[in-house]
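So you know, we letter chains A, B, ... as the sequences are listed, proteins then strands, and number each from 1.
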2 protein chains.
Amino acid sequence: MGKYLHCAQLTNKIYFGAMSSIKEARDFILHGYREYLPHVSIDCAIFGYHDQQLKMLLIKPSFLDGCCLPGGYIKRGETLTQAAGRILEERTALHSVFLQQFYTFGNPGRAKLKTFDVKSFEETFGVELASDNWLLDHTISVGYYAIVEYSQVVLQTDAFTESLQWCDIDALPPLLFDHNEMVSSALRMLQLQIYHQPIGYNLLPAKFTMPEIQVLYETILGKKLDRRNFPKRLLSLGIIKRLNEQRSIGPHRSPYLYKFDKRKYEEALKNGVVLAF
Amino acid sequence: MGKYLHCAQLTNKIYFGAMSSIKEARDFILHGYREYLPHVSIDCAIFGYHDQQLKMLLIKPSFLDGCCLPGGYIKRGETLTQAAGRILEERTALHSVFLQQFYTFGNPGRAKLKTFDVKSFEETFGVELASDNWLLDHTISVGYYAIVEYSQVVLQTDAFTESLQWCDIDALPPLLFDHNEMVSSALRMLQLQIYHQPIGYNLLPAKFTMPEIQVLYETILGKKLDRRNFPKRLLSLGIIKRLNEQRSIGPHRSPYLYKFDKRKYEEALKNGVVLAF
C-alpha cells in the first residue's frame with residue numbers, strides 16, 4: 001500500500017507538458033512555478049473529423065490512472081492563446097491551428113481522482129511532494145478547442161505518456177477530473193459556433209460535394225438537416241461557391257462540386273454570420 | 001513626485017471588493033492571498049437595460065486614475081460563478097442574477113496604466129507594497145456578464161469607491177487596463193446569446209407589446225430588425241404567447257399584449273434555441 005492523498009487534497013490535474021527526462025520532470029515538479037503561472041492551466045479539447053466521424057484526442061499520463069484532455073500550464077510572458085497553441089503543437093505537431101477559448105473551469109474539488117499514489121509518484125520522479133507544492137494548490141483551467149482532420153495528424157508522445165489516441169466522441173470513457181464536462185462544454189460551443197462562423201476549410205477536400213459538407217455539419221450537430229434547406233441557407237452566406245465541375249459517382253449520379261471562397265470565409269470567420277437550418 | 005511603478009511592473013488591476021475600513025484594506029493588501037486565490041480574478045460586465053437604452057456599470061476606485069469594470073478575487077472554496085455573483089451583489093445588492101461567463105483574459109501586460117503612484121497608495125493604506133506582493137503578480141481575469149433592469153438597481157458604494165455609475169454603451173470613456181476590450185467581448189457574447197437563449201424576462205414589464213420586445217432585441221443587437229419577420233420568428237420559439245388583451249395607445253392603435261411562457265422560457269434557457277432574423 002502506498003500513502004495516499006485523498007480527493008480533498010488532490011483537487012487538480014497534475015499537468016506535464018512533453019518531457020524527455022526524469023531530471024526535466026523533477027525540476028518542473030519542484031520549481032515549475034518560476035517558469036509557469038501557478039493556479040491557472042489550459043486544457044485542449046481537440047476534435048478530430050474524418051469521413052463522417054468525430055473524435056476527441058485523449059492522453060493517458062503514465063502516472064495517472066485514467067485518461068484526460070491534453071493540457072499544461074501558461075509560461076510567464078505567454079498569452080493564453082499562445083499557451084494553448086504550444087500545448088496543441090506538443091501533442092500533434094500541428095502549427096497555427098485555429099483555437100477557440102470556450103470556458104474556464106474553476107470549481108473547487110474539480111478532481112474525480114479518489115486517491116493518488118503519492119509514494120509511487122515520488123519514487124518515479126525521485127522527489128518529495130510537499131503538501132504546499134505548487135502543483136497541489138487549487139487550479140482553474142481555461143478550456144480551448146480546435147477541430148482538425150485527424151487522419152493528417154501524427155501524434156507525439158513523450159517519456160511520461162502511456163498513450164495518446166483518438167476516441168469516438170460517442171464512446172468516451174469516464175475521464176479523470178472534470179474532463180467529461182469539459183468535452184460536453186466544448187462540443188456545445190463547437191455546435192454553437194457553426195451557426196455563427198464558417199467551418200470546414202481544413203476538414204474537407206479542396207473540392208467537395210454538397211452532401212459531403214452537409215454530413216460534416218450533421219456530424220458536428222449530431223442531427224439530420226433538411227436536404228433542401230441546408231444548401232439554400234449555406235449558399236446564402238456566400239462562403240462556398242459552386243464550380244462548373246461534377247463528380248461522377250455512379251449512373252445518373254454526378255453531383256456538382258463546390259469550394260470555399262477563401263476571402264469571404266475569412267471575413268465570415270472574423271465578423272460572424274447568422275445561420276439557421 | 002511619488003515613486004512610480006511602471007507599466008511592466010503593474011500589469012494588473014488591483015481589485016478591492018467592498019471594504020469599510022483602512023484596517024480591512026490593509027489586511028487584504030498584505031495577506032489577501034490566504035483568503036483569495038492569487039493570479040486569478042473576476043470582472044463583471046453588467047449591462048443595464050431601460051427604456052430603449054443599454055448601459056454598462058463602471059466603477060472608479062479612489063486609488064486608481066480612471067474607470068473600470070467592477071471586479072474582485074475568488075475566495076478559496078468558491079466556484080467562479082459564486083465569486084461573480086458575490087461581486088455583482090456587493091455593487092448592486094441584486095441577488096441570484098443570471099450571470100454568464102464570456103471569456104478569460106490573460107495577456108501579459110494587460111494594464112494600460114502608464115504609472116501607478118505607489119507612494120500615495122502606500123500612504124493611503126499605511127502599508128508598504130513589496131515588489132513580490134501578491135497583488136502585483138501576473139493575473140488572468142475571468143469575465144462574466146449580466147443584464148439587469150437598471151432603473152431597479154440601487155448601487156452600493158464603499159469607503160474606497162469614488163464613483164459607481166451607469167454609462168451609455170455607445171459613449172464609454174477609455175477604461176483602465178484591457179476593460180474596453182472586455183466590454184466589446186461581453187457585448188458580442190450577449191448579441192450571440194440572444195440568438196440561442198431567450199432574453200427579456202427581467203427587462204420587460206410582465207405584459208408587453210411586440211414593438212417593446214422588438215426594441216429590446218434591436219437595442220442589444222444594435223440594428224433594426226424586420227417588422228414582419230421578427231414576430232414570426234420569435235413566436236415560432238414558443239417562449240412568448242399572445243394574450244387576449246390590447247393596450248390602447250392612441251386612436252386606431254391598440255396593439256396586443258404578450259407575456260413570457262415561463263416554463264418554455266426556462267426550457268429554452270437550459271436547452272438553447274436557434275433564432276435567425
task = Given ring pair (Phe, Tyr, Trp, His ring centres under 6.0 Å), test A:Phe230 with A:Tyr217 step by step and report yes or no.
result = CA-CA 10 Å; A:Phe230 179 82; A:Tyr217 274 76; 5.3 Å; yes
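Using a cut-off of 4.0 Å between Lys/Arg side-chain N and Asp/Glu carboxylate O, A:Asp137 and B:Arg76 are scored as salt-bridged.
Evaluated for a side chain to side chain contact (heavy atoms under 4.5 Å, CB included) with A:Phe47, the options A:Ile220, A:Ile169, A:Leu203, A:Leu57 yield exactly one hit, A:Ile169.
For chain A, the nearby part of B:His196 is the side chain; its heavy atoms alone come within less than 4.5 Å. For B:Gln82, no part lies near chain A; criterion is any non-hydrogen pair under 4.5 Å. Both the backbone and the side chain of B:Leu80 come within contact range of chain A, each with at least one heavy atom under 4.5 Å from a heavy atom of that chain.
Contact of the B:Leu235 side chain with the B:Met210 side chain is registered, since non-hydrogen atoms from C-beta on lie closer than 4.5 Å.
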